[in-house]
Amino acid sequence: MLRFIKSLTTSPSSHIVRRGYASEAVPERKVTVLGAAGGIGQPLSLLMKLNPLVSNLALYDIANTPGVAADVSHINTRSEVVGYASDAELGKALEGADVVIIPAGVPRKPGMTRDDLFNINAGIVKGLCEAIAKHCPNALVNMISNPVNSTVPIAAEVFKKAGTYDPKRLFGVTTLDVVRAKTFYAGKAMVPVAEVNVPVVGGHAGITILPLFSQATPKANLSDEVITALTKRTQDGGTEVVEAKAGKGSATLSMAYAGAIFADACLKGLNGVPDVIECSFVQSTVTELPFFASRVRLGKNGVEEVLGLGPLSDFEKEGLEKLKPELKSSIEKGIKFATQ
């Protein structure tokens with residue numbers, strides 16, 4: 001079990017928590033997964049069941065959740081698991097939650113645009129966030145439902161309307177972009193992937209994803225051509241998986257892994273582990289845009305600090321300017337939907 005968590009994350013902070021399991025009481029923490037019976041939700045529920053920081057795991061979906069919950073509940077780890085189905089049980093699933101993870105909605109299929117996704121998922125996200133505002137307004141909300149560039153602003157507007165908005169507690173999960181950037185970089189740099197770190201900034205779709213390979217560690221002297229190709233592959237990672245699955249799904253397993261990494265970081269922050277840093281799409285003043293993904297320090301209140309971009313290469317500066325109009329448009333689209 002501990003070996004599993006060790007493999008889940010290689011951040012220095014994770015060692016502090018792991019050492020403490022045997023001798024110190026880990027706080028009681030409830031995690032709720034909204035969309036737990038879906039393609040991302042099921043493997044994500046499994047990974048959260050394996051996380052020793054979770055004491056209570058609530059799994060919610062509009063159907064099929066009791067079966068997923070029964071299956072996951074047989075795993076011999078700490079957390080108690082309860083499955084909830086239908087709108088009537090949403091409140092119960094959310095009550096007392098410390099972290100709410102939202103992978104609900106439809107995945108991208110071949111030929112689907114981000115607009116197609118938006119038209120379906122925006123309404124789902126809005127309804128779920130209205131319930132969060134009512135039943136667990138202080139929870140950390142981890143938004144996975146795409147398009148994240150629009151669903152995070154939707155959530156913010158819903159919470160503002162309810163009078164519960166705290167920008168420190170709302171996150172767009174962009175961890176999959178970081179996971180991909182690390183994997184692809186390690187392959188080209190010929191370094192052990194577990195030692196690699198690559199910040200990824202901007203947004204969470206296409207050209208709005210900007211991996212900062214100039215800041216990657218360990219350093220490797222990769223050519224401009226290789227950096228350009230790595231950047232494009234990171235930006236197109238989702239499409240690569242959709243096409244490889246030939247209409248049978250999207251990046252569900254890698255997204256579940258990335259979602260579990262980010263939720264684990266949120267739980268460590270809540271538990272007071274120092275220096276927990278992950279990239280996330282949050283309310284930000286790093287650029288002129290109201291939301292932006294960059295490295296954030298996590299703590300007992302969610303976002304403790306939004307970190308700056310650091311020094312950028314000329315290629316990255318150009319990429320930053322290119323992504324801004326598209327990201328601005330996606331943010332505005334979410335705000336407009338939520339306020340209409």
Side-chain angles (χ1 to χ4, degrees), residues 4-5 8 28-75 77-107 121 124-136 138-146 148 151-152 155 169-176 249-268 270 280 302:
F4 168 81
I5 293 295
L8 196 70
E28 299 278 309
R29 294 289 179 201
K30 177 175 175 177
V31 172
T32 301
V33 180
L34 302 180
I40 297 167
Q42 290 199 38
L44 178 59
S45 298
L46 166 66
L47 291 169
M48 296 319 296
K49 177 68 173 117
L50 294 178
N51 190 318
L53 301 181
V54 181
S55 58
N56 185 333
L57 184 59
L59 306 182
Y60 171 83
D61 214 317
I62 49 173
N64 305 323
T65 342
V68 176
D71 194 356
V72 170
S73 73
H74 291 182
I75 295 167
T77 56
R78 176 187 183 214
S79 53
E80 295 289 322
V81 182
V82 184
Y84 300 92
S86 81
D87 291 344
E89 296 194 325
L90 177 54
K92 277 191 240 169
L94 290 168
E95 272 167 21
D98 295 288
V99 177
V100 179
I101 314 173
I102 312 181
V106 297
N121 289 351
I124 294 170
V125 164
K126 188 178 180 188
L128 293 174
C129 288
E130 285 166 354
I132 290 167
K134 185 177 178 184
H135 296 284
C136 56
N138 296 318
L140 302 190
V141 178
N142 292 186
M143 185 67 70
I144 290 173
S145 302
N146 273 319
V148 164
T151 55
V152 169
R169 295 176 181 273
L170 175 61
F171 303 90
V173 180
T174 60
T175 315
L176 181 52
S250 59
T252 51
L253 301 174
S254 51
M255 185 61 246
Y257 168 78
I261 291 274
F262 190 74
D264 182 63
C266 285
L267 290 165
K268 285 178 181 146
L270 287 174
S280 182

Check whether any side-chain heavy atom of [X] lies under 4.5 Å from a side-chain heavy atom of [Y], and answer yes or no.
| X | Y | value |
| --- | --- | --- |
| Pro103 | Val33 | yes |
| Met143 | Cys129 | yes |
| Leu270 | Val99 | yes |
| Ile102 | Ile132 | yes |
| Leu267 | Val31 | yes |
| Asp71 | Lys49 | no |

What distance do Thr32 atom OG1 and Tyr60 atom OH have between them, rounded to the nearest 0.5 Å?
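One gets 12.0 Å once the value is rounded to the nearest 0.5 Å.
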Would you give the length of the straight line joining atom CG of Leu47 to atom CG of Leu253, rounded to the nearest 0.5 angstrom?
9.5 Å
Can you tell me if Thr175 uses its side chain to pair, donor with acceptor, with the backbone of Gly259 under 3.5 Å?
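Answer holds: no.
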Quick check: does any side chain N or O of Asn121 sit under 3.5 Å from a backbone N or O of Val106, one acting as donor and the other as acceptor?
yes
In plain terms, say whether Glu28 and Arg78 are close enough for a salt bridge, that is, a side-chain N and a carboxylate O under 4.0 Å apart.
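Here Glu28 pairs with Arg78 in a salt bridge, since their nearest N and O are under 4.0 Å apart.
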Residues at least two apart in sequence or cross-chain that pass side chain to side chain contact (heavy atoms under 4.5 Å, CB included) with Glu130, listed by chain then number, are Lys126, Val158
Among Lys268, Lys30, Arg29, Arg169, which one satisfies salt bridge (Lys or Arg N to Asp or Glu O under 4.0 Å) with Asp98?
Arg29
